[in-house]
Trainee: 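One structure coming up, written as structure tokens, with questions to follow.
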Amino acid sequence: MWFWFVYNKGLDKGVLNSIRNREYSQKQLVAMFQELNNKKNKRNKGVMVAMVAFALCATFVLMTSMMNPANTAGIIPTVIAILVVFVIAFCFIKVNMVNKAKNQFMNALKKGYPELVGQFESLIK
């Protein structure tokens, strides 16, 4: 599979099982959550930079293709194709790279520490 370099495993299965089995203290859970939240915020910033870079590149490609009036007939399908690729790519990145670990943590927390879920949901930025 050639997607191996894009795949994000998320949190370690041992950590998730330990959360589900209530093996951590509340202080340890808060520290884990803060670390996950910091990583998520950094990845969000990276996604925003990638979105801007992609938009600039797409704009450059479209502008250069419009320089030759003979090639303007294919502009609309090109714009549609670029937008479709843009939406699919960044939806995948957002779900798999940014939110996966946080969602895994919250799901394990719901099973192991249901009384703390509200407290951690209020901390999500």
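If you're wondering where the values come from, they're calculated on a predicted model, not measured in any experiment.
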Trainee: Please report the interatomic distance CG(Asn37) to CZ(Phe105), rounded to the nearest 0.5 Å.
Mentor: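 The CZ atom of Phe105 is 10.0 Å from CG of Asn37, to the nearest 0.5 Å.
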Trainee: Quick check for you: to the nearest 0.5 Å, what is the distance between Leu11 atom CG and Asn17 atom CG?
Mentor: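 Going from the CG atom of Leu11 to the CG atom of Asn17 covers 11.5 Å.
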Trainee: What's the verdict on side-chain contact (heavy atoms from CB on, under 4.5 Å) for Phe33 and Leu109, showing C-alpha distance, side-chain angles and the deciding distance?
Mentor: CA-CA 10 Å; Phe33 183 79; Leu109 195 69; over 6 Å; no
Trainee: Okay, side chain of Tyr113, backbone of Tyr24: is any donor-acceptor separation there less than 3.5 Å?
Mentor: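 Indeed, once roles are kept as given, a pair shorter than 3.5 Å links the two residues.
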Trainee: In the hydrophobic clustering (ILVMFWY, side-chain contacts below 4.5 Å, transitive), which residues join Met63, or is it alone?
Mentor: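 Via sub-4.5 Å side-chain contacts, Met63 links to none.
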Trainee: Decide whether Val47 and Val85 are clustered together by the hydrophobic rule: side chain heavy atoms of Ile, Leu, Val, Met, Phe, Trp, Tyr closer than 4.5 Å, transitively.
Mentor: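 In one cluster with Val47: Val85, yes.
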Trainee: Looking at every heavy atom in both Ala58 and Ile82, which two are closest together, and how far apart are they?
Mentor: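 For Ala58 versus Ile82, the nearest heavy atoms are CB-CG2, 3.6 Å.
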Trainee: Would you say Phe86 and Met97 are hydrophobically clustered, going by side-chain heavy atoms of ILVMFWY under 4.5 Å?
Mentor: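 Yes, Phe86 and Met97 fall within the same hydrophobic cluster.
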Trainee: Whether Arg22 and Glu115 form a salt bridge (side-chain N of Lys/Arg under 4.0 Å from carboxylate O of Asp/Glu) is what I want to check.
Mentor: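 Between Arg22 and Glu115 there is a salt bridge, with a charged N closer than 4.0 Å to a carboxylate O.
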Trainee: May I ask you to test the Met106-Asn103 pair for a side-chain heavy-atom distance under 4.5 Å?
Mentor: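 Result no, sub-4.5 Å side-chain heavy-atom pair not found.
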Trainee: Could you work out, with side-chain hydrogen bond (donor to acceptor under 3.5 Å, both in side chains) as the rule, every residue matching Gln34, not counting sequence neighbours?
Mentor: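 For Gln34 there are no side-chain hydrogen bond (donor to acceptor under 3.5 Å, both in side chains) partners, ignoring immediate neighbours.
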Trainee: Say whether Phe90 and Val61 are linked into one hydrophobic cluster, either directly or through other cluster members, by side-chain heavy-atom distances under 4.5 angstrom.
Mentor: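 Not linked; separate clusters.
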Trainee: So, does Asn96 use its side chain to make a donor-acceptor pair with the main chain of Phe92 at under 3.5 Å?
Mentor: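 It does not hold such a pair.
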Trainee: With rounding to the nearest 0.5 Å, note down the distance linking NZ in Lys102 to CG in Leu36.
Mentor: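 Lys102 NZ to Leu36 CG: 10.0 Å, rounded to 0.5 Å.
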Trainee: Please tell me whether Met51 and Leu62 are part of a single hydrophobic cluster in this structure, the criterion being side-chain heavy atoms less than 4.5 Å apart.
Mentor: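 Same hydrophobic cluster.
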Trainee: Could you tell me which non-hydrogen atom of Gln119 sits nearest to which non-hydrogen atom of Ser122, and how far apart they are?
Mentor: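 So the two residues come closest at O-OG, 2.6 Å.
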Trainee: Does some side-chain heavy atom of Gln26 sit less than 4.5 Å from a side-chain heavy atom of Leu116?
Mentor: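 A side-chain contact exists here, since the closest heavy-atom pair is under 4.5 Å.
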Trainee: Could you state the interatomic distance from OG1 (Thr59) to CZ (Phe54), rounded to the nearest 0.5 Å?
Mentor: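 Answer rounded to 0.5 Å: 10.0 Å.
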Trainee: Evaluate the criterion side-chain contact (heavy atoms from CB on, under 4.5 Å) for residue pair Gln104 and Lys13; output intermediate values, then yes/no.
Mentor: CA-CA 10 Å; Gln104 287 178 331; Lys13 290 187 188 282; over 6 Å; no
Trainee: Sequence neighbours left out, what pairs pass salt bridge (Lys or Arg N to Asp or Glu O under 4.0 Å) with at least one residue falling in residues 76-95?
Mentor: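 For residues 76-95, and leaving out neighbouring residues, there are no salt bridge (Lys or Arg N to Asp or Glu O under 4.0 Å) pairs at all.
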Trainee: I need the Asn99 CG to Lys40 NZ distance, nearest 0.5 Å.
Mentor: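 Reported value, rounded in 0.5 Å steps: 6.0 Å.
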Trainee: Say you draw a straight line from CE of Met32 to OG of Ser18; how long is it, rounded to the nearest 0.5 Å?
Mentor: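 If we round to the nearest 0.5 Å, Met32:CE and Ser18:OG are 7.5 Å apart.
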